[in-house]
Amino acid sequence: MKPEVQNIGQAFEQISEYWSPALLAQLNGQDVRVVKLMGTFPWHSHEQEDELFLVLEGNLKIETEEGDILLNAGELVVIPRGLKHRPVAEEEVKVILFEPSSTLNTGDQENAFTKRDLKDLR
């Protein structure tokens with residue numbers, strides 16, 4: 001089976017709702033998810049999974065119990081499992097997330113931001 005090339009720019013064009021991650025690829029039990037962010041996400045943690053945020057466009061602040069993390073385009077951070085955090089985007093930010101396929105976007109919280117069925121862009 002020939003591997004498929006994914007166009008990240010085209011993937012973001014298919015996203016119309018903020019805080020709604022879409023599935024771009026999968027490998028070794030991990031998802032590559034694309035998401036547009038704007039505003040403030042609820043506090044949460046992921047007890048079983050680390051979460052990688054890679055900022056493609058914009059500036060993202062991730063508030064944590066250990067202090068704020070500021071990310072610019074081209075920067076990434078891994079939020080370790082169990083660390084309570086919340087992303088904050090003053091303007092639209094385009095992010096790629098790398099996390100286990102079982103990861104719920106709101107972690108240990110169930111709220112209006114929870115997305116169980118991700119849009120599949122593959």
Side-chain angles (χ1 to χ4, degrees):
M1 182 166 113
K2 182 179 176 183
E4 278 195 46
V5 173
Q6 300 291 338
N7 184 295
I8 295 170
Q10 289 176 355
F12 277 108
E13 289 174 6
Q14 296 181 58
I15 298 172
S16 59
E17 184 181 345
Y18 293 118
W19 305 108
S20 186
L23 180 63
L24 184 61
Q26 290 183 308
L27 66 157
N28 303 316
Q30 298 280 318
D31 282 358
V32 179
R33 300 175 181 178
V34 292
V35 62
K36 290 180 182 178
L37 311 179
M38 182 143 42
T40 302
F41 200 72
W43 283 98
H44 67 286
S45 65
H46 304 274
E47 295 306 317
Q48 303 300 318
E49 308 98 356
D50 299 328
E51 187 175 30
L52 184 147
F53 289 79
L54 169 59
V55 176
L56 292 183
E57 290 182 25
N59 302 295
L60 180 64
K61 177 171 68 170
I62 301 177
E63 297 175 345
T64 79
E65 296 174 309
E66 304 296 324
D68 294 351
I69 300 164
L70 304 176
L71 296 171
N72 299 305
E75 296 181 328
L76 66 82
V77 68
V78 174
I79 303 297
R81 67 194 74 195
L83 181 62
K84 194 170 183 178
H85 63 283
R86 75 172 179 179
V88 178
E90 298 291 327
E91 297 180 359
E92 182 177 274
V93 182
K94 294 179 181 173
V95 174
I96 295 181
L97 302 169
F98 293 85
E99 52 200 7
S101 297
S102 61
T103 302
L104 186 63
N105 68 320
T106 53
D108 61 348
Q109 302 297 311
E110 189 83 27
N111 54 50
F113 288 89
T114 302
K115 304 292 182 196
R116 293 192 178 280
D117 298 314
L118 304 183
K119 183 175 185 176
D120 194 336
L121 303 178
R122 295 173 294 167

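Residues take their numbers from the sequence shown, with the count starting at 1.
- Within the model, atoms NZ of K84 and CH2 of W43 stand 7.0 Å from one another, a figure rounded to the nearest 0.5 Å.
- Enclosure of atom CD in E4 is not indicated, since only 12 or fewer non-hydrogen atoms of other residues, nucleotides or ligands lie within 6.0 angstrom.
- L97 and V88 end up in different hydrophobic clusters when Ile, Leu, Val, Met, Phe, Trp and Tyr side chains are linked at under 4.5 Å.
- When atom types are taken as modelled, the side chain of D50 and the backbone of R81 share a donor-acceptor pair closer than 3.5 angstrom.
- In the hydrophobic clustering of this structure, L60 groups with V77; members are Ile, Leu, Val, Met, Phe, Trp, Tyr whose side-chain heavy atoms approach within less than 4.5 Å, directly or through other members.
- Distance check, rounded to the nearest 0.5 Å: CD of E90 to NZ of K61 gives 6.5 Å.
- Each of L23 and I96 belongs to its own hydrophobic cluster when Ile, Leu, Val, Met, Phe, Trp and Tyr are linked at side-chain heavy-atom distances under 4.5 angstrom.
- To the nearest 0.5 angstrom, L24 atom CG is 9.5 Å from Q14 atom CD.
- Here the closest heavy-atom approach between residue E49 and residue S102 is recorded as OE2-OG, 3.7 Å.
- Looking at D31 and T103, their side chains never come closer than 4.5 Å, going by heavy atoms from C-beta outward.
- For the pair L71 and V93, the minimum side-chain heavy-atom distance is 4.5 Å or more.
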query = Should Y18 and L37 be marked as a side chain to side chain contact (heavy atoms under 4.5 Å, CB included) after you check the CA-CA gap, both sets of side-chain angles, and the distance that decides it?
reply = CA-CA 5 Å; Y18 293 118; L37 311 179; 5.6 Å; no
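- Under a hydrophobic clustering in which Ile, Leu, Val, Met, Phe, Trp and Tyr are joined whenever their side-chain heavy atoms come within less than 4.5 Å, directly or via other members, V55 and V32 fall into different clusters.
- To the nearest 0.5 Å, atom CD1 of residue I62 and atom CD of residue E51 are 7.5 Å apart.
- Cluster membership for L56 and I15, using ILVMFWY side-chain heavy atoms within less than 4.5 angstrom, is shared.
- Counting only heavy atoms from C-beta outward, the side chains of L76 and F53 never approach each other to under 4.5 Å.
- Under a 3.5 Å cut-off, the side chain of K36 and the backbone N or O of F12 do form a donor-acceptor pair.
- The two atoms that bring A22 and L121 nearest to each other are CB-CD1, 3.6 Å, heavy atoms only.
- A distance of 11.0 Å separates CG in L104 from NZ in K115, rounded to the nearest 0.5 Å.
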query = side chain to side chain contact (heavy atoms under 4.5 Å, CB included) between N105 and F41: does it pass, once the steps are laid out?
reply = CA-CA 10 Å; N105 68 320; F41 200 72; 4.0 Å; yes
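- Panel note: side chain N111, backbone F113; a donor-acceptor pair is recorded below 3.5 Å.
- Expressed to the nearest 0.5 Å, how far NZ of K94 lies from CD1 of I8 amounts to 11.0 Å.
- The number of heavy-atom neighbours closer than 6.0 Å to CD of E92, taken from other residues, nucleotides and ligands shown, is above 12.
- Nearest heavy atom pair, residue T64 against residue D68, reads N-OD1, 4.3 Å.
- Here the closest heavy-atom approach between residue H44 and residue G107 is recorded as CD2-N, 4.0 Å.
- Residues F98 and L54 come closest through the heavy atom pair CE1-CD2, 4.4 Å.
- Residues P42 and R86 share a closest heavy-atom pair of O-CB, 3.7 Å.
- Heavy-atom contacts from other residues, nucleotides or ligands closer than 6.0 Å to CD of Q48 number 12 or fewer.
- Residues H46 and E99 have side chains that never bring a donor and an acceptor to within less than 3.5 angstrom of each other.
- Of the possible donor and acceptor atoms, one in the side chain of E75 sits under 3.5 Å from a partner among the backbone N and O of N72.
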